[in-house]
Structures are given as C-alpha cells and as structure tokens.
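Working notes, structure below.
Each chain gets a letter, A, B and so on, in the order its sequence line appears, and its residues count up from 1.
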Protein chains: 2
Amino acid sequence: MTSNHKTLKKQDRSSSIGRPIGMLHRLWQVYMDRALAPLGIGSGQIPILMFLLRNDGVNQVDIVRHLRADKSSIARTIRRLVEEDYIKRRPCTEDARAYRIVVTAKGRAIEGRVHAVLDSWSEAVTQDLAAGERELLVRMLEAMILQAHDLVRCRPEDDCADEEVEA
Amino acid sequence: MTSNHKTLKKQDRSSSIGRPIGMLHRLWQVYMDRALAPLGIGSGQIPILMFLLRNDGVNQVDIVRHLRADKSSIARTIRRLVEEDYIKRRPCTEDARAYRIVVTAKGRAIEGRVHAVLDSWSEAVTQDLAAGERELLVRMLEAMILQAHDLVRCRPEDDCADEEVEA
DNA sequence: AGTTATTAGTTGCATTTACAACTTTATTAT
DNA sequence: ATAATAAAGTTGTAAATGCAACTAATAACT
C-alpha cells in the first residue's frame, strides 16, 4: 500500500451529473458483459433485444427512436443479433426500404435469463436507497433523458414523444 | 410520417436502471464532444483532466482508482492528453515504474471552459427536477456507484474507499 | 408524370473503453 | 542476497457507438 494518495481531494464529484452517470454505465456494461458471456450476447445488444421482445416486427427506425441512438449503431447491433440468431429480418411488404425485425425462438428463450441479470443489477446497485427512492430515481432519470434529448437531438417537431401504448 | 409505430408499447422502461443511465451517458458524450470540439478534446478525456486539475502530480493508478476505470483506458487517454499538450508526464523519482502526471498551462487554460460546459449540461438536464432533488440524485448515484463497484470490481481489501481529502 | 426532398439502411472512420498478456521495477518472503 | 509476488504501464484486440457520406426507395411538389 505505497503510492502517493495523500494529496487527493475528495472534490470534483459533487457538481457534475455526467461523471457519476458515465461511471455507472461503464460498470453496468462490465457487469452485463460478464453475466451474458455464456449466452454469446453483449451488453450493447440487450436494449434492442428487450425492446423487440415487447415490440416484435418493428423496423430499425422505430428502434432508433425508442433507444435514442444512432441508426448506424442500431444497424450494426442488429446485424450481430441476427448473426447470433437471436432475431431475424424480413422484408417489409409496405416499404421496400425497410425490414421488420422479429425475435427468434432462441431470442425468446433467453428473455428470462436476461431479465434476471438486468434485475439483479438494478437490485444490487439500489440496495442502499431508502424506500421509494428507487422509483423517484427512475422518474428523475426519465425526466433528464427528455431534457437531454431535446438538447442534443433537438429536431423541430420530432416525434420522439413516445407515441404508442397498445394495451 | 408513415412508419408503423402503432404497436409500440410504453413498457420496458419502468424497471431497469441500466437502460436510462446508458442513454443519458451516450447523450452526455454527444453533448460534450460537440461542445468541446473546438478545443480539440473529447468527452473521454474530460474526467481525467478535471481530476488532474485538482490533483496535480498523481500517477496513473491514482486516476484508475478515482475513475474506477481500466488502467489501459487511462493509459491511452493520458497519451492523447499529452499529445494535445493538455498534460505532461514526468518520471516519478520515488518509483521508476510510475510517472507523475501534471497539467500544463494549456490544460489549466481550458478549465473554465470545460467547467462551464459540464455545468450547462447538468443544469439543462436537471431543470425539471423539484427543489433539492438534484442533490438527492447525486447522493443516490454515488451510493449506487459504491454498490456497483463492489459488484464488478470486487477486490478483497480494495482501497477504493476514497482516501485523501487534503482540504 | 417528373423532379425534388425525405426516409430506411449501410459503410467508412474515429472515439471510448474493457480484458488479457506482457515488460519493467519494487516488495516480500525465504 | 535470492527467488517469488505484486504493482505501474503498455500494447493487441474487440465491443459499443456516433458522424458523415452514400444507396435505394417513398413521399411531396409542380
């Protein structure tokens, strides 16, 4: 235990919201990658797969909107999911440019496992929060995402306002 | 305005903590990269630079511990910061393996700019939160990081417990 | 109908970041 | 003092992602 941590200050962690969030995200990725390694699926594919499990048959743009990601990232991640046979792409009859992305049996088969891993993370990291704080946290994060999206992907009349509902 | 978002459900956003955090982090990166482009510095370099501005002369391991990142990432990011002349490495006299990382004048010169950008992000995304919620949020995030770190980088007697202080 | 603008996806390229294996130097234990 | 360990950094490799530029197809406009 040598090293010169004597002049390290406890500061620069109070203000910025970005730093702790980035840290949590990276730790989440590591956790997910380890837990999902036996399934041959990586952390980056999880959001798409989970979305598709609830919204089978959507196209890539729908995924882009929901995940607020870049379409090229989505395209590549979908390719990986297809390669691993978790999802399948079939031409969209109404629009020759688009595809309908559907989950395969193999994809459905791991839903439980993935959900369990996601939940174990959420449970573990929030175990120190007081009663009700976790729900508040989720609400705050969603509110922040809306602001962040407006700030970063500020398109005039963007339809990212979470349409749908179905059921 | 065609597209088939009719069967999209509003679900799968309630539970998981990982998804919204990842989303915020990516949006943060985009925001920072855009705002900092004129400075020739990227979002990945910010945490290290900000840490060094408060803790000049530490070595890479100190940075690794503070940022809870991988040492190879830190090594490469430091190389970039050196290439852009924001920081400098000088051999550590007490330990021939290590370096002391110090911020250059150019690095100090942009501190205000960077801080302003960081703050504008934090301010913008939390603008909808109620009074005091932002502080609560930061506290929750820090508590979650501790749990996450234990979960992912669980080393027996890890000294990541934020030593230092040096008021 | 014909031209223009938009939209769905893809590809090249760059950044951020983790893991494993390796080098060099310092520590511990014998 | 030696040998075995551990620690500080580096490098190869790969995943996750964003941006810009491109193709193909649909929608809009005249």
Set of side chain to side chain contact (heavy atoms under 4.5 Å, CB included) partners for B:Ala148, sequence neighbours left out: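 Checked B:Ala148 against side chain to side chain contact (heavy atoms under 4.5 Å, CB included); matches are A:Leu24, A:Leu27, A:Trp121, A:Val125.
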Contacts of A:Glu123 that satisfy side chain to side chain contact (heavy atoms under 4.5 Å, CB included) - sequence neighbours left out: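 Counting only residues at least two positions away or on another chain, A:Glu123 forms a side chain to side chain contact (heavy atoms under 4.5 Å, CB included) with A:Arg134.
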Atom pair distance, as rounded to whole Å: [atom1] in [X] and [atom2] in [N]:
| X | N | atom1 | atom2 | value |
| --- | --- | --- | --- | --- |
| A:Leu36 | C:dA18 | CG | P | 17 Å |
| A:Met23 | C:dT16 | CE | P | 18 Å |
| B:Ile48 | C:dT16 | CD1 | C1' | 11 Å |
| A:Asp95 | C:dT7 | CG | P | 12 Å |
| A:Ile78 | C:dT11 | CD1 | P | 13 Å |

- prompt: Residues in ring pair (Phe, Tyr, Trp, His ring centres under 6.0 Å) with B:Tyr99, at least two apart?
  reply: none
Enumerate donor-acceptor pairs with a distance under 3.5 Å from any side-chain N or O in residues 35-52 of chain B to protein atoms, sequence neighbours excluded.
residue: B:Ser43; atom: OG; partner: B:Asp33; partner atom: OD1; Å: 3.2
residue: B:Gln45; atom: OE1; partner: B:Gly42; partner atom: N; Å: 3.1

Nucleic acid footprint by protein, nucleotides 10-17 of chain D - heavy-atom cut-off 4.0 Å, B for base, S for sugar-phosphate alone: BBBB-SSB
- line: Closest to the side chain of A:Arg97, out of D:dG9, C:dA26, D:dA25, is D:dA25
Hey, can you pull the donor-acceptor pairs under 3.5 Å for the side chains in residues 72-84 of chain B, sequence neighbours left out?
residue: B:Ser72; atom: OG; partner: B:Asp70; partner atom: OD2; Å: 2.5
residue: B:Thr77; atom: OG1; partner: B:Ser73; partner atom: O; Å: 2.8

message: If you count every heavy atom of other residues, nucleotides or ligands that lies below 6.0 Å from A:Arg34 atom CZ, does the total exceed 12?
response: yes
- line: Sorted by position of nearest nucleotide on DNA chain C, 5' first, the leading residue of A:Ala98 and A:Leu27 is A:Ala98
- prompt: Looking at B:Arg100, does any N or O in its side chain come under 4.0 Å of the phosphate oxygens OP1/OP2 on D:dG9?
  reply: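 For B:Arg100, the contact criterion (side-chain N or O under 4.0 Å from OP1 or OP2 of D:dG9) is not met.
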